[in-house]
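Here is the structure we will look at.
Numbered from 1 within each chain, the chains take letters A, B, ... in sequence-line order.
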There are 2 protein chains.
Amino acid sequence: MARDRKFSTEDLYHATKQILLEQGYDGFHFGLLAEKLDISRGAIYKYFDNREELIVNFMRHEMKLFLTELKNVEQFPSFDEKLTFLLELIFKNPAVPRLIEIGQRIPIHENLKMKEDVFKLEDLRLKMYQHLQEFIDLGREEQKLNPSVPDTLILGFIFQSIMIPNHFDIPQSKWVQSIKEILCHGILNHQ
Amino acid sequence: MARDRKFSTEDLYHATKQILLEQGYDGFHFGLLAEKLDISRGAIYKYFDNREELIVNFMRHEMKLFLTELKNVEQFPSFDEKLTFLLELIFKNPAVPRLIEIGQRIPIHENLKMKEDVFKLEDLRLKMYQHLQEFIDLGREEQKLNPSVPDTLILGFIFQSIMIPNHFDIPQSKWVQSIKEILCHGILNHQ
DNA sequence: ACCCAAAGTGACACAAGTGTCACTTTGGGT
DNA sequence: ACCCAAAGTGACACTTGTGTCACTTTGGGT
């Protein structure tokens with residue numbers, strides 16, 4: 001009962017992700033997005049009121065995907081297995097921590113719909129945090145984690161580590177393996 | 001033989017630093033800078049051709065200060081002492097890694113003067129790297145560092161670690177001490 | 001074949017930042 | 001006292017992005 005859509009919301013999210021990762025938050029404009037999808041700027045406004053709206057909803061979409069994968073952490077019984085799974089998950093989704101960081105910078109429009117969306121995003125962030133907290137709790141229980149160090153810093157290290165720039169182009173497998181090594185045992189030699 | 005200056009280059013750099021740390025690279029405008037110093041935008045153009053010019057020179061200024069402090073790393077004979085000094089230096093200058101990251105995003109104007117300035121900045125970055133490399137080399141020699149892990153990743157971890165956001169406001173001293181602990185020995189319990 | 005609602009377009013008025021330049025202000029040298 | 005060069009100002013033309021809206025296009029239902 002209407003003409004076919006020229007682009008899907010999925011298309012918008014895909015291009016949005018590319019632009020955000022290439023150009024950062026401030027480099028993202030509807031003009032760029034429209035150009036990338038070969039559509040007019042005006043068409044995007046049929047689906048999103050402004051770029052903050054779009055980005056927040058894109059973030060939700062991205063978080064949901066990550067969360068469904070993260071949920072599988074429950075399936076692994078031991079802390080060691082959970083840790084391995086978690087690190088692999090993060091290295092498979094290196095964009096997620098960067099996107100979360102970018103997400104922090106969205107200015108909150110004083111707008112009802114916007115506030116709801118930001119709230120839903122915050123809710124997802126909390127859900128994500130809960131899964132991670134369970135993982136940490138088990139590590140504490142099994143006495144696998146350094147007891148003198150706060151939970152948030154452990155998670156901070158894990159998430160921050162994949163954002164270290166690999167300027168010298170060390171091969172991915174070596175890089176990942178080395179990050180695991182330092183995360184677990186530090187930079188010092190342990191015989 | 002002229003009227004007194006209303007603001008010094010130092011004033012510009014100080015306000016620039018504030019704005020860059022608060023608003024990020026894209027949030028930095030001559031309008032904001034002028035407002036902060038209660039001067040006109042036009043006056044700034046008497047000293048810098050554009051914001052890239054100003055930011056690159058500000059970065060050079062900031063790097064020089066950091067480098068003069070970093071040079072003192074030579075004075076400590078052992079690797080352990082150098083490491084302690086280095087960590088303290090970085091925690092005393094938490095803005096430096098953030099500024100370096102911001103500095104990476106400066107678009108290069110196709111302009112001779114600009115290219116020179118960027119070259120000088122790159123030169124400082126290299127000098128900094130050399131001091132850090134000497135520190136790593138000593139650590140290797142003394143067999144204090146994990147041999148299976150590349151140099152750049154060790155430096156990456158050190159610099160990245162202070163950018164972990166302390167969302168839960170853990171007291172500074174506890175936070176720093178915990179970062180040192182994880183950097184040196186990892187997140188796992190080592191009895 | 002025609003209707004019409006949803007999809008998409010592009011021109012418009014607006015906002016915010018840029019770089020320039022003719023102008024005013026100021027204070028030391030003569 | 002006056003000169004004048006350096007310091008500072010603010011208006012101007014320009015650029016880039018925003019959000020809106022009257023308009024055109026399209027395709028299924030009758």
Would you state whether a donor and an acceptor, one from the side chain of B:Arg41 and one from the base of D:dG10, lie under 3.5 Å apart? no

Side chains of B:Leu83 and B:Cys184: closer than 4.5 Å at any heavy-atom pair? yes

Taking CG from A:Asp11 and P from C:dA7, how many angstroms apart are they, rounded to a whole number? 14 Å

Looking only at C:dT26, D:dT18, D:dG10, the nucleotide nearest the A:Arg51 side chain is D:dT18

Does D:dG19 have a Watson-Crick or wobble partner in any strand here, with both distances under 3.5 angstrom, and which is it? C:dC12

Separation of C:dT20 atom C1' from B:Phe48 atom CZ, nearest Å, is 18 Å

Taking atom C1' of D:dG17 as reference, at what distance in whole Å does atom CG of A:Asn50 sit? 13 Å

Which of C:dT9, C:dT26, D:dT9 is nearest the side chain of A:Ser40? It is C:dT9

Which is more 5' along DNA chain C, the nucleotide nearest B:Phe28 or the one nearest A:Ile44? Just name the residue. A:Ile44

Of all the choices, C:dT25, D:dT18, C:dA7, which nucleotide is nearest to the side chain of A:Phe30 once you look at every atom? D:dT18

Using whole Å, report how far CG of A:Leu54 lies from P of D:dG19. 11 Å

Phosphate-side-chain proximity, A:His29 and D:dT16, N/O vs OP1/OP2 below 4.0 Å: no

Roughly, in whole Å, what's the span from CG in A:Asp4 to P in D:dT24? 21 Å

Quick one: do A:Asp117 and A:Lys113 make a salt bridge, cutoff under 4.0 Å? no

Please name the nucleotide paired to C:dT24 by Watson-Crick or G-U wobble geometry with both distances under 3.5 Å, or report none. D:dA7

Between D:dA11 atom C1' and B:Tyr45 atom OH, what is the distance in whole Å? 14 Å

Quiz item: cation-pi between A:Arg51 and A:Tyr25, 6.0 Å / 45°: yes

G-U wobble or Watson-Crick pairing nucleotide for C:dC2 (cut-off 3.5 Å, both distances): D:dG29

How many Å lie between CZ on B:Arg3 and P on C:dT26, as a whole number? 6 Å

Is B:Arg125 positioned over the aromatic face of B:Tyr129, cation under 6.0 angstrom from the ring centre and no more than 45 degrees off axis? no

Do the side chains of A:Glu35 and A:Arg41 get close enough for a salt bridge, i.e. N-O under 4.0 angstrom? no

Starting at OH of B:Tyr47 and ending at P of D:dA6, how long is that distance when rounded to a whole Å? 11 Å

